[in-house]
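Since the structure comes first, as structure tokens, the remarks are kept for the end.
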There are 2 protein chains.
Amino acid sequence: MTMKGTAERIIEAALQLISEKGYTAATTKTIAELAGVNEVTLFRHFGNKRGLLKAIIEQFSYYPLLQQEINQNMTWELEKDLLNISLKHFQFLMSIKDFVMIAFKESIQFPEISEEIANMPLLIKKELIHYFEEMYQQGKVREVDFEAAALSLIALNFGHFMSRARLGTIVSDIPTEELLQTSVAIFSRGLVS
Amino acid sequence: MTMKGTAERIIEAALQLISEKGYTAATTKTIAELAGVNEVTLFRHFGNKRGLLKAIIEQFSYYPLLQQEINQNMTWELEKDLLNISLKHFQFLMSIKDFVMIAFKESIQFPEISEEIANMPLLIKKELIHYFEEMYQQGKVREVDFEAAALSLIALNFGHFMSRARLGTIVSDIPTEELLQTSVAIFSRGLVS
DNA sequence: CTTTCATGCAAGTAATCACTTACATCCTAG
DNA sequence: CTAGGATGTAAGTGATTACTTGCATGAAAG
């Protein structure tokens, strides 16, 4: 069954080209070429260009949730846990980098993407607030606005991701893990009671 | 002299449309329409579509520097200064929001933009490192990797900006100033000696 | 062996793109 | 009042776009 492989290759090519050039500039012709597939095959699979984008969005709505992986491996040591979460968060963003880029490029034109991409920080926020509240009960973090704290850690990771994904090492050549480690060290020290 | 007003209106329209739809999808026709100008006038002013983008980039390369404003009003009280810097940084990003969006959308296709947009964090990083080093001399911050610390604060602000600029209040409806305040409070507490 | 189904290939559609040319109109500075 | 420069209008260019149609090919399944 070559069909599955073909559709997947088209989606991969579209993912790459749309994330690089944007939806309009990534033509069906170039997508088909990159996929090593005839242009008509693209239309036979997805109907039209928008159907291809829809397929991309659907693929990532079923993406393995970061949420669950955060809940596991909790040691209830603030810095250790936050570093683990941050690393996972960063790696997760990197693994779906192309999709994130498309989402930020085309969110105004295709509102369906906005909902999809907003869902990620919302879920992580929920988990983090839950974690902070539990840690507060244990007397391990001081009293702050936990929602704001959660959003800050998310913003921190996302900012690092954007910088690395878009500008590479232009801004700094500190290794990512080192950067996140310092980043989380400061943040968690600001949270401990 | 109506010329200046016309060129400005075209640039404004282009800024809005390109940031919303991307370079390719923002057609010269729609840009001219939004500017309330005939399409040929656009070409008479900027030669071709790329010349229009070039004009946009040039406009922001002469943008008043955030750098200077940071250097002023230093109180050498960590949290107060960092909050001031963060607020200014955020407001600055918001004021050139459309340009930032274009930069992140088209940086792969037009590398000139990448350099322009990377310059901003580089300058702020330099100032922050300088500030942290001085504060360390004064015994007011503990010893950390100051570059990583600077990058973290920048990532923090940029992350908040991206969230608000792109997703609005979907993720959270905490007022921006309140969010930044908590954000900086945690961060600066993690830095003090 | 034959049928079926995914794909390739060739050709063509109408629409839209960036961009040009020629000429009319208007405002303003001299 | 007049000359020049900025703008509008009209019409059109070739290139490219998303998308379609008809037919050939090839491999796999019954």
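Proteins get letters first, then strands, A, B, ... in listed order; numbering begins at 1 in each. Here the structure is a predicted model, which is why all the values come from computation and not from measurement. Every heavy atom of this structure was used, including side-chain atoms; hydrogens, water molecules and symmetry mates were not.
The side chain of A:H45 approaches C:dT7 more closely than any other nucleotide in the set C:dT7, D:dT7, D:dC19. Among the nucleotides C:dT7, C:dT20, D:dT7, the one closest to the side chain of A:T41 is C:dT7. Relative to the side chain of A:T6, the nucleotides C:dA18, C:dT7, D:dG8 differ in distance, and C:dT7 lies closest.
For the residue pair A:E133 and A:Q137, no side-chain donor N or O sits within less than 3.5 Å of a side-chain acceptor on the partner. For A:D145 and B:T182, the side-chain atoms include no donor-acceptor pair closer than 3.5 Å.
Taking B:S114 as the reference, nothing meets the side-chain hydrogen bond (donor to acceptor under 3.5 Å, both in side chains) condition, with sequence neighbours excluded.
At a non-hydrogen distance threshold of 4.0 Å, A:E39, A:V40 from residues 30-40 of chain A come into contact with DNA chain D.
For A:T28 and D:dA18, the shortest distance from a side-chain N or O to OP1 or OP2 is below 4.0 Å.
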Could you pull out every donor-acceptor pair under 3.5 Å between side chains of residues 36-43 of chain B and any protein atom, sequence neighbours left out?
{"from": "B:N38", "atom 1": "OD1", "to": "B:V40", "atom 2": "N", "distance (Å)": "3.2"}
{"from": "B:E39", "atom 1": "OE2", "to": "B:T28", "atom 2": "OG1", "distance (Å)": "2.8"}
{"from": "B:T41", "atom 1": "OG1", "to": "B:N38", "atom 2": "O", "distance (Å)": "3.4"}

Below 3.5 Å, can you tabulate the donor-acceptor pairs from side chains in residues 91-101 of chain A to any protein atom, sequence neighbours excluded?
{"from": "A:S95", "atom 1": "OG", "to": "A:F92", "atom 2": "O", "distance (Å)": "2.7"}
{"from": "A:D98", "atom 1": "OD1", "to": "A:S19", "atom 2": "OG", "distance (Å)": "3.3"}

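As a whole-Å value, the separation of B:L52 CG from C:dC19 C1' is 14 Å. At whole-Å resolution of the value, CZ in A:F43 and C1' in C:dA6 are 17 Å apart. Between the P atom of C:dT7 and the CD atom of A:E8 lies a distance of 12 Å, rounded to the nearest Å. For B:K29 and D:dA10, the NZ to P distance is 13 Å, given to the nearest whole Å. Regarding B:I10, its CD1 atom lies at a distance of 15 Å from the C1' atom of C:dC19, rounded to whole Å. Going from atom NZ of A:K21 over to atom C1' of D:dT17 covers 13 Å, rounded to whole Å. Taking atom CG of residue A:N48 and atom C1' of nucleotide D:dT17, one finds them 14 Å apart after rounding to whole Å.
Within the structure, the salt bridge (Lys or Arg N to Asp or Glu O under 4.0 Å) test picks out no pair touching residues 164-189 of chain A (sequence neighbours left out). Here ring pair (Phe, Tyr, Trp, His ring centres under 6.0 Å) pairs that include residues 67-90 of chain B, with residues two or more places apart or in two chains, are B:W76-B:Y131.
Residue order along DNA chain D, read from the 5' end via each residue's closest nucleotide, puts A:A25 first among A:A25 and A:G47.
The base of D:dG5 lies outside donor-acceptor range of the side chain of B:R44, with no N or O pair under 3.5 Å.
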